[in-house]
Amino acid sequence: FAWESRGDYTDIKFEVLDGIAKITINRPEVRNAFRPQTLFELQRAFEIVRDDPALGVAILTGEGSLAFCSGGDQRIRGNDGYIGDDEVAQHGIGRLNVLDLQIQIRRLPKPVIAMVAGYAIGGGHVLHLVCDLTIAADNARFGQTGPRVGSFDGGYGAGLLARTVGMKKAKEIWFLCRQYDADEALRMGLVNTVVPLERLEAETVQWCREILALSPLALRLLKASFNAADEGLAGIQQLAGDATMLFYMSDEAQEGRDAYLAKRSPAFDQFPRRP
Ligand code: 1HA
């Protein structure tokens, strides 16, 4: 595929093609483990995906075929989080900023597909989990390691996993820290499909193209609806925000605005009180 590179990043690659954004974690020497900088760059890229009306779907992936992402870079894990080289880190303060990225992916009003070759492990496993769909290569391996390395993600990592594969299986995954191959992941509903490694990108792009042929607003409202109950008031806020956007597009809402600006009483009588 003729991906067109966008922006200037050190830890990721951001590319686009015909309405598809491809965001690649680019630290293959550590199985695409992330550091704070990686996550800041991912957030910047996803912000662009959200804001660019020409982009309708995003792929999140890892560089190379050995790993999607192996979670937090344990070499720079301090005693309170992951320590980068930014201003905050100069004070010896660590971050857990993958949590911000998780929320951003969940809230992004466009579908996000995890394209997984090799390991999706630890915090990297949670990243595929928060994506809307996951397409796995036949060499993919999934698992959590938290209790082995002294960590846990009791938020989406635990709760969303239980909603995805069921409570018993989610507890097994977290309590035993085993690895699961692509077929096992497919059987437990953790991924949408499994394809030969050499077909991974072609298949993922095909799924993206099918999505791009569909109504953007319908997809947006569906994603918000799927997530709303689990997000509590923030989920209701997102859905209600979409309702507000649609309402703004109506004559009725525009009458309210126009009347205010014209300093006259709004003429809402012309609009039906619907059953
Ligand atoms: O739980 C959280 C959080 C929870 C709440 C809030 C925020 C959180 C943020 C992060 C996390 C976490 O991600 S905790 C979990 C951290 N990750 C892990 O425990 C996975 C560690 N890695 C592995 O288990 C394995 O490397 C692997 C199964 C992914 C791949 O195994 P493989 O193919 O045998 O390769 P391996 O030789 O182990 O790794 C290749 C190189 O990459 C090694 O470096 P080298 O010896 O060549 O110098 C290895 O050390 C490095 N590497 C791999 N993963 C990481 C890593 N280096 C740093 N951090 C890593 N995560």
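When reading the values below, keep in mind they use all heavy atoms of this one structure, side chains included, and skip hydrogens, waters and symmetry mates. Just follow the structure's listing: the first ligand is 1, and inside any ligand the first atom is 1. As the structure is a prediction and not an experimental result, all values here were calculated from the model.
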Handout entry: Lys223 side-chain N/O to Leu108 backbone N/O, donor-acceptor pair under 3.5 Å
Key = yes
Practice task
In plain terms, say whether Arg35 and Glu41 are close enough for a salt bridge, that is, a side-chain N and a carboxylate O under 4.0 Å apart.
Solution key: no
Handout entry: Criterion side-chain contact (heavy atoms from CB on, under 4.5 Å) against Glu4, the qualifying member of Val16, Asp18, Leu17
Key = Val16
Handout entry: Flag, side chain of Gln179 to backbone of Gly143, donor-acceptor distance under 3.5 Å
Key = no
Fill in the blank from the handout: Under 4.0 Å from one or more heavy atoms of Val98, ligand 1 contributes atoms 7 (C), 8 (C), 9 (C)
Exercise for the section: Check ligand 1 against Gly71 and write out every atom of the ligand that is under 4.0 Å from a heavy-atom position of the residue. Expected result: 13 (O)
Practice task
Could you tell me the residue and atom name of the protein heavy atom closest to atom 31 (O) of ligand 1, and the distance to it rounded to 0.1 Å?
Solution key: Tyr119 CE1, 3.9 Å
Handout entry: Per-atom contact, atom 34 (O) of ligand 1, protein heavy atoms, under 4.0 angstrom
Key = no
Handout entry: Element-labelled atoms of ligand 1 that are located less than 4.0 Å from some non-hydrogen atom of Ile121
Key = 20 (C)
Practice task
Within a distance under 4.0 Å of any heavy atom of Gly72, pick out the atoms of ligand 1 and give their elements.
Solution key: 10 (C), 12 (C), 13 (O), 16 (C), 59 (N), 60 (C), 61 (N)
Exercise for the section: Evaluate the 4.0 Å heavy atom contact test for atom 19 (O) of ligand 1: does a protein atom fall under the cut-off? Expected result: yes
Practice task
For atom 53 (C) of ligand 1, find the nearest protein heavy atom and state the residue, atom name and distance (0.1 Å precision).
Solution key: Val30 O, 3.6 Å
Problem - Ligand-residue contact atoms, ligand 1 with Val149, heavy atoms, under 4.0 Å - result: 15 (C), 19 (O)
Practice task
State the atoms of ligand 1, each with its element, that fall below the 4.0 Å cut-off from a heavy-atom position in Thr145.
Solution key: 15 (C), 16 (C), 17 (N), 18 (C), 19 (O)
Exercise for the section: Mark whether atom 23 (C) of ligand 1 lies under 4.0 angstrom from at least one protein heavy atom. Expected result: no
Fill in the blank from the handout: Here the pair of heavy atoms bringing Thr164 nearest to Gly189 is CG2-O, 3.6 Å
Fill in the blank from the handout: In this structure, atom 16 (C) of ligand 1 is nearest to the protein heavy atom Gln74 NE2, 3.2 Å
Handout entry: ligand 1 to Tyr82 polar contact by distance, N or O atoms, under 3.5 Å
Key = no
Exercise for the section: For Phe152, take its heavy atoms, then give the atoms of ligand 1 lying under 4.0 Å from any of them. Expected result: 4 (C), 5 (C)
Practice task
For Gln270 and Asp251, test the side chains for any donor-to-acceptor distance below 3.5 angstrom and give the result as yes or no.
Solution key: no
Problem - Contact (N/O only, under 3.5 Å) between Arg75 and ligand 1 - result: no
Handout entry: Exercise: identify the closest heavy-atom pair between Cys208 and Ile113
Key = SG-CD1, 3.8 Å
Exercise for the section: Could you tell me whether a side-chain N or O of Asn192 sits under 3.5 Å from a main-chain N or O of Thr134, the two making a donor and an acceptor? Expected result: yes
Problem - Sub-4.0 Å heavy-atom approach of Glu29 to ligand 1 - result: yes
Exercise for the section: Could you pull out the closest heavy-atom pair between Asn97 and Pro36, with the gap in Å? Expected result: ND2-O, 3.3 Å
Handout entry: Any donor-acceptor pair under 3.5 Å from Trp174 side chain to Gly154 backbone
Key = no
Practice task
Would you tell me whether Gln206 and Arg209 have side-chain atoms, one donor and one acceptor, within less than 3.5 Å of each other?
Solution key: no
Exercise for the section: Report yes or no: does a heavy atom of Gln179 sit under 4.0 Å from some atom of ligand 1? Expected result: yes
Completion exercise
The closest protein heavy-atom partner of atom 36 (P) of ligand 1 is Arg31 NH2, 4.2 Å
Practice task
Select one of side chain, backbone, both or neither to describe which atoms of Leu99 lie under 4.0 Å from any atom of ligand 1, heavy atoms only.
Solution key: side chain
Practice task
Assess the side chains of Gln254 and Tyr248: does a donor N or O sit below 3.5 Å from an acceptor N or O?
Solution key: no
Problem - Under 3.5 Å donor-acceptor, Ser250 side chain and Ala253 backbone - result: yes
Completion exercise
heavy-atom search around atom 54 (N) of ligand 1 in the protein gives Ser70 OG, 3.1 Å
Exercise for the section: Select one of side chain, backbone, both or neither to describe which atoms of Phe68 lie under 4.0 Å from any atom of ligand 1, heavy atoms only. Expected result: neither
Problem - Numbered atoms of ligand 1 (with element) below 4.0 Å of Ser151, judged on heavy atoms - result: 1 (O), 2 (C), 3 (C), 4 (C), 14 (S)
Handout entry: Closest non-hydrogen atom pair, Ala67 against Arg31
Key = CB-O, 3.4 Å
Handout entry: Within-cutoff protein neighbour (heavy atom, under 4.0 Å) for atom 43 (C) of ligand 1
Key = no
Problem - atom 49 (C) of ligand 1 touched by protein (heavy atom, under 4.0 Å) - result: no
Problem - Under-4.0 Å heavy-atom contact between protein and atom 1 (O) of ligand 1 - result: yes
Handout entry: Electrostatic pair Glu47-Arg50, nearest N-O below 4.0 angstrom
Key = no
